[in-house]
Amino acid sequence: MAANMKAKQVSHTQTDAGGATVDPEEWLHMYRQMYRIRSFEEEVNDLYTKALMPGLAHLYIGEEAVAVGVCESLKREDYITSTHRGHGHCLAKGASPDRMFAELLGRAPGYCKGKGGSMHIADQEGGNLGANAIVGAGSGIATGAAFSARMRKSGQVAVTFFGEGALGQGLLYEVMNMASLWKLPVVYVCENNLYNEYTHYSQTTAGELSARPAAFGIPVEVVDGQNVRAVYETARRFIERARNGEGPGFVICNTYRYHGHHVGDINRAYYRSKEEETLWKTERDPLNLLSQWLTEQHLADAAIFEQIEKEAREEMRSAVEFAIKAPFPDASEVTQHVYA
Amino acid sequence: MAANMKAKQVSHTQTDAGGATVDPEEWLHMYRQMYRIRSFEEEVNDLYTKALMPGLAHLYIGEEAVAVGVCESLKREDYITSTHRGHGHCLAKGASPDRMFAELLGRAPGYCKGKGGSMHIADQEGGNLGANAIVGAGSGIATGAAFSARMRKSGQVAVTFFGEGALGQGLLYEVMNMASLWKLPVVYVCENNLYNEYTHYSQTTAGELSARPAAFGIPVEVVDGQNVRAVYETARRFIERARNGEGPGFVICNTYRYHGHHVGDINRAYYRSKEEETLWKTERDPLNLLSQWLTEQHLADAAIFEQIEKEAREEMRSAVEFAIKAPFPDASEVTQHVYA
Amino acid sequence: MSMLKTSESTAGATNGKAMRELTMAQAVREALAEEMRRDARVFIMGEDVAEAGTPFKVLLGLVDEFGTDRVIDTPISEPGFAAIGVGAAMTGMRPVIDIMFGDFLTLTMDQMVNQAAKARYMSGGKFMVPIVFRTTLGATRRSAAQHSQSLHVWPSHVPGLKVVLPSTPYDAKGLLKTAIRDDNPVVYFEDKMNFTTKGMVPDEEYTIPFGVADIKRAGADITLVATSSMVYVALGAADKLKEIGISAEVVDPRTTFPLDKQTLVDSARKTSRAIVIDEGYERYGVTAELAAVIADGAFYYLDAPVKRMGAMDVPIPFSPALEDLTAPTADAVFQMAKTLCGRA
Amino acid sequence: MSMLKTSESTAGATNGKAMRELTMAQAVREALAEEMRRDARVFIMGEDVAEAGTPFKVLLGLVDEFGTDRVIDTPISEPGFAAIGVGAAMTGMRPVIDIMFGDFLTLTMDQMVNQAAKARYMSGGKFMVPIVFRTTLGATRRSAAQHSQSLHVWPSHVPGLKVVLPSTPYDAKGLLKTAIRDDNPVVYFEDKMNFTTKGMVPDEEYTIPFGVADIKRAGADITLVATSSMVYVALGAADKLKEIGISAEVVDPRTTFPLDKQTLVDSARKTSRAIVIDEGYERYGVTAELAAVIADGAFYYLDAPVKRMGAMDVPIPFSPALEDLTAPTADAVFQMAKTLCGRA
Ligand SMILES: Cc1ncc(C[n+]2csc(CCOP(=O)(O)OP(=O)(O)O)c2C)c(N)n1
Ligand SMILES: Cc1ncc(C[n+]2csc(CCOP(=O)(O)OP(=O)(O)O)c2C)c(N)n1
Ligand SMILES: [Mg+2]
Ligand SMILES: [Mg+2]
């Protein structure tokens with residue numbers, strides 16, 4: 001909050017690349033959101049390393065600009081569907097970290113009462129229809145949510161996030177076809193982080209990525225997924241278009257995951273080089289890119305960023321604290337919620 | 001055979017549209033093949049009408065130029081996979097009508113011992129890996145056969161026939177992606193007869209058909225599926241390309257089925273007009289188009305066509321005779337061939 | 001087989017009420033129409049469901065009343081439109097997803113099993129997935145191996161799903177209405193050989209609860225538990241058994257999940273003999289569960305082992321000469337029952 | 001649990017032969033390597049199978065010996081590469097298709113069931129489909145509802161498929177070699193919690209025939225039929241039962257199809273009591289078939305009903321506090337066995 005106020009002091013309205021008018025405070029808000037995700041994920045890694053977290057988790061570090069740039073263009077009642085790498089989407093759509101950590105630790109106050117865990121985290125009130133551990137499956141559910149929004153004339157839009165690996169799943173083409181035929185308010189957001197687990201996407205993906213949605217008559221744009229301003233601007237346009245009944249859109253965000261495929265994927269040399277990792281971290285970091293730009297534009301200074309970061313770290317630390325202290329679900333929970 | 005000899009008499013080598021050198025006898029052979037398919041299917045319809053055939057069948061009448069134009073470019077050891085509308089493909093790939101009719105009537109000498117029927121007719125020795133009653137499924141099997149041919153360095157090519165309805169199945173995109181990545185010797189032949197059962201394809205297919213294979217880096221051509229010469233010429237090029245290790249191809253053949261979706265689909269007015277049907281039958285008939293062209297080119301005359309037709313009808317009639325007289329499989333067959 | 005037309009077994013519920021004779025197809029259509037009138041959230045989606053009314057013509061006319069916004073033709077994309085159904089159900093709609101042939105469940109298992117069946121549990125009770133998958137089972141239609149399977153045991157295995165197997169027009173209508181109103185994913189199987197089967201259906205509205213078996217015919221000497229069209233096979237066998245003085249009770253579970261174990265077990269305890277009959281493949285099929293439940297629950301009452309009669313464990317052959325051998329028949333059930341009752 | 005390391009049960013076959021201790025993962029890898037050396041038609045296809053050697057690292061090193069032409073990384077397209085496998089198998093190759101998690105069988109059922117399982121029958125015996133689908137089952141890995149299922153009953157239901165559930169490294173190797181040499185489609189399930197389980201494996205080559213149950217421990221008072229990792233649960237229970245003077249026989253069917261009914265029934269006839277234990281969901285699961293087979297075959301010998309212990313009928317929950325409640329444990333089997341033997 002303090003940072004917000006400082007931002008206000010230096011604020012004057014800016015016109016971004018795409019011509020949209022964005023309040024500088026909004027950019028700082030996005031910085032905060034990205035940093036919160038990073039900080040959240042660092043805590044997750046820490047919990048894993050300390051053997052405090054059951055199972056595994058897929059960290060979103062490096063990809064923060066995608067979730068934030070897209071979700072900032074959504075209303076709370078809009079829908080998203082997410083992936084195994086879903087913490088970032090969940091936070092960006094407005095979930096609170098304490099209940100998220102509780103979920104990751106399998107505790108009762110978790111968003112899903114501890115029954116879902118990292119790969120199934122959902123936040124119904126916030127419009128997050130859930131992470132999904134079946135690659136590509138979220139695209140079907142989001143298309144269905146868009147179909148429902150259209151039938152209910154609710155004005156809602158659905159966004160589905162998925163990795164470029166999901167381009168391998170036939171389901172995606174089936175639902176894109178129907179979304180296009182029926183002009184459904186859905187936006188497909190492909191996070192191209194170069195790898196399907198341990199395999200480079202060029203080994204798994206023939207032709208031009210962007211030609212695929214285009215083949216179904218869906219407009220597509222490729223954006224720098226490390227530049228939150230670019231993501232925001234493109235997503236906003238597609239989301240508006242969808243909301244106005246003009247049909248689906250497809251955004252390809254070029255991005256990178258800094259960590260392993262999951263927290264246990266430590267030795268990565270056999271599939272990607274340290275140099276590549278370092279290059280992305282140093283040259284293409286979404287937080288750095290935004291803070292540099294804001295600084296260059298004299299819209300913020302180091303103190304503001306430090307303040308934001310400090311607050312985020314504190315927030316995450318106390319959220320972890322909350323989760324660690326939270327109780328496990330009662331044994332009786334095991335048979336509940338199988339049926340409504 | 002008699003007709004062949006006549007053809008020889010008038011023969012002089014022709015250069016077709018695409019520059020390929022085709023012996024006129026070859027065109028007459030294709031005429032014969034198309035006519036054999038038509039005659040076969042008319043017998044099938046007759047068997048159905050007389051309640052002599054168990055179940056239903058999907059007639060290929062009107063689409064003969066596709067199967068024939070493509071299969072004439074294949075060697076016997078090449079593979080095809082086929083569809084619920086598969087009699088034409090089976091005949092064009094060299095199966096004999098007597099064993100085909102026997103199969104359709106569920107008799108012991110049928111290609112599949114009567115166990116497959118119309119929707120599963122296969123001819124292993126002739127390279128027909130089978131009709132398939134799951135829309136789109138043949139595309140997977142053909143891609144696998146192409147993969148196998150490549151691994152075995154056999155020089156074989158696989159062709160998969162499917163209706164435009166199969167563009168709805170995600171499987172097709174999954175296997176096209178791999179075929180393209182791995183440059184497999186497979187050719188996808190889409191028979192666009194305008195209808196998925198009782199629904200016009202424009203209601204089920206977004207965007208440009210030809211953009212779909214193109215999106216996976218697969219060369220595609222759209223041809224007049226009623227013009228056997230055009231089909232032949234295009235298929236031949238794609239098949240050659242595939243055989244030479246240059247990867248998959250995709251041919252879209254615009255065609256039309258004269259009869260109902262299946263033999264029992266009699267009242268069609270609710271989904272397509274009589275005028276449309278008449279137009280195709282009178283203006284776009286593949287047999288007429290070829291015979292007209294051959295006549296114009298002075299490569300054949302009415303007597304030749306009549307002779308071919310008569311022979312074909314006789315062939316089919318005696319094949320039906322054979323099938324009707326053939327025994328049903330022995331009861332003990334029911335538990336055989338579940339396992340090898 | 002009188003109760004098939006008079007719904008004797010459900011006479012209690014409909015006693016004195018006005019009834020009409022309907023086919024299964026008509027009963028299904030009526031259930032859909034009534035629920036669509038009642039609840040604007042209900043819609044139908046599938047291949048050729050609108051003007052064509054499906055290849056079986058079961059839905060004929062619905063599009064005229066409800067329009068193409070609520071009776072929606074799809075591309076041939078079973079996984080895709082099943083997925084759209086799941087997403088729509090999670091966000092306030094009540095889809096009825098039409099899977100033309102039960103054999104195509106092979107294509108929709110992920111949507112049914114990993115998505116629809118689990119969304120509620122995985123979210124700790126946050127999401128509801130009120131979706132109905134309407135599909136078929138049953139052989140002997142000369143449709144061969146890929147259009148004749150009865151795969152209902154697969155969803156029956158899966159926590160989160162309910163599975164309905166109506167045998168009469170009365171059951172078909174009442175159970176389908178319940179399925180549509182249920183807040184959970186339901187897989188509803190119609191035997192495609194029974195669409196023209198007739199039976200009495202009340203004029204008045206009614207629903208039938210899940211998990212309540214129906215005694216289609218009362219008897220004392222042997223219990224025949226039968227599902228879907230196998231109810232008719234069992235009733236045919238019961239007729240023949242009566243002729244030789246054996247009184248067979250025919251019990252129709254109507255839903256494989258929830259399963260009315262009590263009624264099955266009670267009947268077997270009473271008669272001390274049981275045969276279970278279902279048109280799914282015998283191995284690891286529905287007959288295994290039904291037999292195991294009875295063998296356990298009626299252990300101390302049984303005079304003979306519980307016998308199972310499912311479809312022969314072969315892909316369904318096309319040739320009528322072979323296909324007819326694969327499904328249980330009234331004769332076969334009769335023979336088995338006779339033997340079980342110690343009458344060589 | 002000595003026989004787990006010494007393969008006591010198979011001592012007859014390997015008596016006096018040189019043995020080494022291997023993990024399940026090593027045994028699987030060895031089987032694959034041997035068969036790939038032996039037969040150039042064998043290849044492996046799946047996601048991250050080459051350099052990564054799968055997420056479970058089971059295939060590590062194979063690509064070094066056989067190259068990327070025979071150990072092939074695919075896109076994330078389970079239906080697609082399963083289909084390519086089927087087509088390749090029909091045309092002379094012998095693919096081993098790697099489905100990373102058994103939960104993804106939802107995506108490949110059409111290829112397994114409508115294509116692979118039926119091609120031979122539908123063609124009247126013309127085609128062979130010698131393909132192996134290698135996949136996983138088993139919970140308690142904190143992988144939650146979509147990565148923890150044991151769906152092996154689905155293929156077990158389907159004529160045309162064979163289904164293998166190895167429990168020890170010895171069985172894993174011998175059965176996988178048999179699977180690869182089999183001319184039919186085989187679905188081979190490894191419990192992902194057992195990859196590091198050790199056991200003795202002969203130096204010499206061997207195969208294990210399908211349809212032959214293995215008595216993992218001989219006993220007289222009660223039969224525990226257990227599959228896959230449940231064999232260890234049963235052996236743990238047997239240890240405890242021994243302490244109170246109950247001698248339990250542990251029978252591992254090893255293949256659910258073909259199923260060695262005779263050995264199961266013989267054991268139950270001998271002990272007169274049986275519990276069947278399998279990690280699939282209990283409802284309409286493998287335990288139903290095994291219980292029904294025993295209840296029928298040993299009807300006149302049983303002193304108590306056959307009891308079933310499957311996974312709890314809930315989507316697998318993530319929280320360890322809940323997940324551990326869902327799978328059968330040695331304690332629970334012990335209690336059930338005690339009760340069944342009339343020892344309160
Ligand atoms: C249908 C399916 N197949 C395989 C997997 C195993 N798996 C989990 S994540 C993953 C890679 C996903 O890559 P991508 O879609 O690019 O997402 P990223 O992990 O890069 O964010 C795979 C293969 C799965 N979860 N679902
Ligand atoms: C997966 C699947 N879904 C639905 C069907 C039912 N069905 C059989 S043919 C057909 C229409 C096929 O249309 P198209 O592919 O264009 O082929 P055509 O009949 O026009 O030759 C449908 C929907 C099926 N057999 N398989
Ligand atoms: Mg990726
Ligand atoms: Mg068509």
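Every chain is numbered from 1, with letters handed out A, B, ... down the list of sequences. Only this structure's heavy atoms are used, side chains among them; waters, hydrogens and symmetry mates stay out.
A donor-acceptor pair under 3.5 Å links the side-chain atoms of C:Ser319 to the main chain of B:Gly106, judged by distance alone. Judged by distance alone, with hydrogens and angles left aside, the side-chain atoms of C:Ser77 form a donor-acceptor pair with the main-chain N or O of B:Gly168 at under 3.5 Å. Checked by atom type and distance alone, the side chain of B:Gln203 never pairs as donor or acceptor with a backbone atom of C:Asp73 at under 3.5 Å.
Taking chain C as the reference chain and counting heavy-atom pairs below 4.5 Å, the highest number among B:Asp330, B:Leu171, B:Ile134, B:Asp265 is found for B:Ile134. If you tally non-hydrogen atom pairs under 4.5 Å between each of B:Ala137, B:Gly55, B:Ala133 and chain C, the highest count goes to B:Ala133. With respect to chain B, the highest number of heavy-atom pairs below 4.5 Å among C:Pro317, C:Ala321, C:Ala52 belongs to C:Ala52. Ranked by heavy-atom pairs under 4.5 Å with chain B, the list C:Glu51, C:Gln146, C:Arg142 is led by C:Gln146. Between chain C and the options B:His337, B:His262, B:His120, the largest number of non-hydrogen pairs under 4.5 Å is found for B:His120.
Contact annotation for C:Leu325: only side-chain heavy atoms (C-beta onward) come within less than 4.5 Å of a heavy atom of chain B. Proximity to chain B is limited to the side chain of C:Phe104, based on heavy atoms less than 4.5 angstrom apart. Looking at B:Tyr198, the atoms closer than 4.5 Å to chain C (heavy atoms on both sides) sit in the backbone and in the side chain alike. In this structure, chain C has no heavy atom under 4.5 Å from any part of B:Leu167. Interface remark: B:Tyr201 contributes no atoms to any contact with chain C (heavy atom separation under 4.5 Å).
In this structure, CD on C:Glu47 lies 7.0 Å from CD on B:Glu197, to the nearest 0.5 angstrom. Residue C:Phe318 holds its CZ atom at 9.0 Å from CE of B:Met119, rounded to the nearest 0.5 Å. The distance from the CZ atom of B:Phe162 to the CD1 atom of C:Ile76 is 12.0 Å, given to the nearest 0.5 Å. With rounding to the nearest 0.5 angstrom, the NE2 atom of C:His147 is 10.0 Å from the CG atom of B:Leu56. One finds the CD atom of B:Gln336 at 10.0 Å from the CG atom of C:Leu322 (value rounded to the nearest 0.5 Å).
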Q. Could you walk me through whether B:Val334 and C:Thr326 pass the side chain to side chain contact (heavy atoms under 4.5 Å, CB included) check?
A. CA-CA 8 Å; B:Val334 71; C:Thr326 66; 3.8 Å; yes
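The number of heavy-atom neighbours closer than 6.0 Å to CD of B:Glu208, taken from other residues, nucleotides and ligands shown, is 12 or below.
Among all heavy-atom pairs drawn from B:Phe328 and C:Pro320, the shortest one is CE2-CD, 4.4 Å. Among all heavy-atom pairs drawn from C:Asp313 and B:Val338, the shortest one is O-CG1, 4.1 Å.
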